[in-house]
Protein chains: 2
Amino acid sequence: MSAMDEPVPRVPANRPGGRARAADVAAAARVSIATVSLVANGKAAGRVSMQTQARVEQVIEQLGYVADPAARSLVTGRRQCIALLAHDITNPFISLIAAGVTRAVGTGTQLLLASAGADVRPDLARIAAFGVDGILVDHPASEHVAGLGVPVVHLDDPDADESLPRAYFDLAPGGALLAGHLAGLGHRRLLYLDATRPWATFARRRTHLLTGLSKLAPDTIVTPARSDIDIDTTRQLVRRTWPRWRVDGVTAIVTATDVQAFGVLAGLADLGVSVPGQVSVASFDSVPFAQLTAPPLTAVALPAEQLGHTSATLLLALIDGRELGSRVQVIPSSLDVRSSTGPAVTR
Amino acid sequence: MSAMDEPVPRVPANRPGGRARAADVAAAARVSIATVSLVANGKAAGRVSMQTQARVEQVIEQLGYVADPAARSLVTGRRQCIALLAHDITNPFISLIAAGVTRAVGTGTQLLLASAGADVRPDLARIAAFGVDGILVDHPASEHVAGLGVPVVHLDDPDADESLPRAYFDLAPGGALLAGHLAGLGHRRLLYLDATRPWATFARRRTHLLTGLSKLAPDTIVTPARSDIDIDTTRQLVRRTWPRWRVDGVTAIVTATDVQAFGVLAGLADLGVSVPGQVSVASFDSVPFAQLTAPPLTAVALPAEQLGHTSATLLLALIDGRELGSRVQVIPSSLDVRSSTGPAVTR
DNA sequence: CTGTTAGCGCTTTCAA
DNA sequence: TTGAAAGCGCTAACAG
């Protein structure tokens, strides 16, 4: 009768403290805790006999043993956790990014969701101090990330320092497509509703559209405006200001984000203005909900889920020290033509 | 000349490893690491002289010292982190919950976002094993939480075991209000589009509506249907099945969630069916987007942000061992009447 | 193949 | 008022 056949000594799994520790498993399996560690981490192949391995595994199962992550982190230096620093999780564009990140990290790594305030620095530092293996940053200025001690990947920040790992959208195709679409419909008097946040992506969205427009129809006049990325704020703005824009002969409104376009559509509906009958509306982002507005929204498609997935994959590679491909991932944009845009109307 | 006046010895802040450790601070300030710990944790009052304290604080600032969280966790047992286990972060209802949680936890605690798969148990165990101080669970069966070793608060699970800490909506008022609204508009033939997930909240949503209806208009007939909580799936279902429902004389469709109602609205629009002209539509949740659909959606209002905030506050209290008020928080529901519901039409 | 040993960086008694 | 020392639970060299 070998050791394997003997009943495994029962050791109280529920010690006062709570979970079982490696020492408990070791005692129950009559091995050293080093062996337990080897088996628990799947490093037993060729180093521990099959018998011992089986016995330890059984006890681990029985006791529900899981290595204390804090203790493991202390020695390995790894946290098995990355953070996503974003400004507003209720923004569907951000939710989509988060979903992409979730898909990329799998089950081995956890995702910390950090909502930033207006100021970015303290949050970044706090997250780094909390202890994560890497950080995905949606937007803040790149200057703050130096000396954080962990890899950082910047999201949707086309103007970030060349040397910084990042994933962003190539806004050129989408911007040009939208310009062509609008110019083709005869729009020569536009209103561009920018975001108030001074982010590079918004500058790019604007300039790509304007450049395209001035190339295709140099006589186009674009009135600038701006608002927060908030449905209600934008809605109020439109209700207040549409009469003026109308007098100016605006035939199309383009917004920097879908959320703002939602507000524009709502404000216009409040006013009884028909879209695209009296004015066309288009935007950047094209989140799923953009198909459901009345009318469905024409928008430059920015695949946010893909951005999340790509950036997280890059970050994971950086963390592992793998240098797979480029540290800069560019994701193409396109145009989703729906029915919120139509021929320019002249009154 | 006292020790305080002497220049603080320069110790390389950027050691090969990365961040400064307590030992670096101790060496630079010429104190023991025990003293550094005391000062860093604000426990120096009365135990360390003002002079020493000031000197240590200065060095901490200089070196940018932050205690290693893994090391601290190992000894304190606290992780300063809670997890939110939910199924789909792109669902706006979940995003709202997450926003509420974020608001509640403040800066001292971090939020782990865990997306569950179809199976709940492994995820819960994995999160607990990862090391968090507590878990917010959106939905799964309560049986799986026993012996996790950390406090768990159940969200929106009205039928959870009495003894379990939880926060949920009282669906009675909203359900009754919707029943009254619909009955008052003359609807006697309804389609109820339930969710496929077998969750208590969905059973409650349905029964509260049906109970109200049978009380106010006992002759009401309700046809049951179900779909996943996904816009496109629901949209297809409606496109396929509306003709049959129409033949059955259905004058109103009520869905278990906003997301499903979005799909219904889209499907109906595809079919050219006017809402509420030919059929009324209503749902449960009332997320912000519900105001933006065409037409704006009548919905039972379930304050998700508040649910997130309340449940997180409860969890934090549980973690701290504070027993403030009840372990069961009930949040009232109401009805947002918008224009997707109108008088029942008889053909 | 298995066990012994030396820390990872920190908090916390307990002495001095 | 300060410091020495004992771990927290684990991993990873290194012996045997």
Side-chain angles (χ1 to χ4, degrees), chain A residues 2-4 15-27 29-57 59-60 63-80 129-131 133 149, chain B residues 2-4 11 15-27 29-57 59-60 63-80 129-131 149:
Chain A
S2 77
M4 208 182 157
R15 47 203 318 283
R19 347 195 315 190
R21 301 158 315 159
D24 297 327
V25 177
R30 281 172 274 110
V31 295
S32 72
I33 63 169
T35 302
V36 173
S37 176
L38 249 22
V39 174
N41 291 307
K43 294 179 182 171
R47 323 233 307 89
V48 178
S49 74
M50 299 294 262
Q51 293 200 358
T52 308
Q53 203 169 319
R55 192 151 32 94
V56 173
E57 272 164 359
V59 175
I60 284 177
L63 264 38
Y65 170 73
V66 183
D68 182 315
R72 166 183 284 154
S73 287
L74 187 58
V75 43
T76 63
R78 273 294 203 310
R79 297 296 147 69
Q80 310 296 2
F130 171 78
D133 295 330
Chain B
S2 77
M4 205 181 157
V11 163
R15 49 206 316 282
R19 346 194 316 191
R21 300 160 315 160
D24 298 326
V25 177
R30 282 172 274 111
V31 295
S32 72
I33 63 169
T35 303
V36 173
S37 176
L38 250 21
V39 174
N41 292 305
K43 295 179 181 172
R47 325 237 302 89
V48 178
S49 74
M50 299 293 264
Q51 293 199 1
T52 308
Q53 202 168 318
R55 190 151 34 92
V56 173
E57 272 164 358
V59 176
I60 284 177
L63 264 38
Y65 170 74
V66 184
D68 182 313
R72 166 181 283 155
S73 286
L74 188 56
V75 43
T76 63
R78 272 295 203 304
R79 297 297 146 68
Q80 311 295 0
F130 171 78

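Just so we're on the same page: letters track the sequence lines, and every chain starts at 1. Everything quoted here is computed from the prediction, not taken from an experiment.
- Residue contacts for Gly46(A): at a heavy-atom cut-off of 4.0 Å it reaches the sugar-phosphate backbone alone, with no base atom in range.
- Within the structure, every side-chain polar atom (N or O) of Lys43(A) is placed at least 4.0 Å from both OP1 and OP2 of dT11(D).
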Check the pair Thr52(A), Arg55(A) against side chain to side chain contact (heavy atoms under 4.5 Å, CB included), reporting the backbone distance first and the verdict last.
CA-CA 5 Å; Thr52(A) 308; Arg55(A) 192 151 32 94; 3.8 Å; yes

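- As rounded to whole Å, 13 Å separates atom C1' of dC1(C) from atom CE of Met50(A).
- Of all nucleotides listed (dT13(C), dC10(C), dG3(C)), dT13(C) comes nearest to the side chain of Arg47(B).
- Rounding to whole angstrom units, CZ of residue Arg72(A) and C1' of dC10(D) are separated by 8 Å.
- Ranking dT2(D), dG3(C), dT11(C) by closeness to the Val48(B) side chain, first place goes to dT2(D).
- Going from atom CG of Leu74(B) over to atom P of dT12(C) covers 12 Å, rounded to whole Å.
- Looking at which nucleotide of DNA chain C each of Ser49(A) and Ala23(B) is closest to, the 5′-most match is held by Ser49(A).
- When the P atom of dG7(C) is taken as reference, atom CD1 of Ile33(B) falls 15 Å away, rounded to whole Å.
- The salt bridge (Lys or Arg N to Asp or Glu O under 4.0 Å) contacts involving residues 63-74 of chain B comprise Arg79(A)-Asp68(B), where partners must be two or more places apart or lie in separate chains.
- Counting only heavy atoms from C-beta on, Ala67(A) has its side chain closest to dT11(D) among dT2(C), dT11(D), dC10(C).
- OP1 or OP2 of dG3(C) lies within a sub-4.0 Å distance of a side-chain N or O belonging to Thr35(A).
- For Ala71(A), whose side chain is taken as the heavy atoms from C-beta onward, the closest listed nucleotide among dT11(C), dG9(D), dT11(D) is dG9(D).
- Here dC10(C) is the nucleotide among dC10(C), dA5(D), dG9(D) with the atom lying nearest to any side-chain atom of Arg21(B).
- Scanning both residues, Leu38(B) and Arg47(B), for their nearest heavy atoms gives CD2-NH2, 4.1 Å.
- Distances shown here put a side-chain N or O of Tyr65(B) below 4.0 Å from the OP1 or OP2 atom of dC10(C).
- In plain terms, the two heavy atoms of Ala26(A) and Ser32(A) that are nearest each other are CB-C, 3.8 Å.
- dC1(C) atom C1' lies 17 Å from atom CZ of Arg30(A), rounded to whole Å.
- Picking from dC10(C), dG3(D), dA12(D) the nucleotide with the shortest atom distance to the side chain of Ala34(A) gives dA12(D).
- A pairwise comparison of heavy atoms in Val36(A) and Val56(A) identifies CA-CG1, 4.2 Å as the closest pair.
- Taking every heavy atom of both residues into account, Tyr65(A) and Ala22(A) meet most closely at CE1-N, 3.2 Å.
- One can place CG of Asp24(B) at 13 Å from C1' of dC10(C), the figure rounded to the nearest angstrom.
- Here the rule is side-chain contact (heavy atoms from CB on, under 4.5 Å) with Val25(B), and of Ile60(B), Thr35(B), Ile33(B), Val31(B) only Ile60(B) fits it.
- Between the CG atom of Leu38(A) and the C1' atom of dG9(D) there is a distance of 16 Å, given to the nearest Å.
- If you check every strand for non-hydrogen atoms under 4.0 Å, Val31(B) touches sugar and phosphate atoms only.
- Comparing dG7(C), dT11(C), dG9(C) by their closest approach to the side chain of Ser37(B) singles out dT11(C).
- End-to-end axis angle of the helix from dC1(C)-dG16(D) to dA16(C)-dT1(D), using five pairs per end and rounding to 10°, comes to 40°.
- For the residue pair Leu74(A) and Ala70(B), the shortest heavy atom distance occurs at N-CB, 4.0 Å.
- Between Phe130(A) atom CZ and dC10(C) atom P there is a gap of 16 Å when expressed in whole angstrom units.
- At dT2(D), one or more side-chain N or O atoms of Thr52(B) fall inside 4.0 Å of OP1 or OP2 (strictly under the cut-off).
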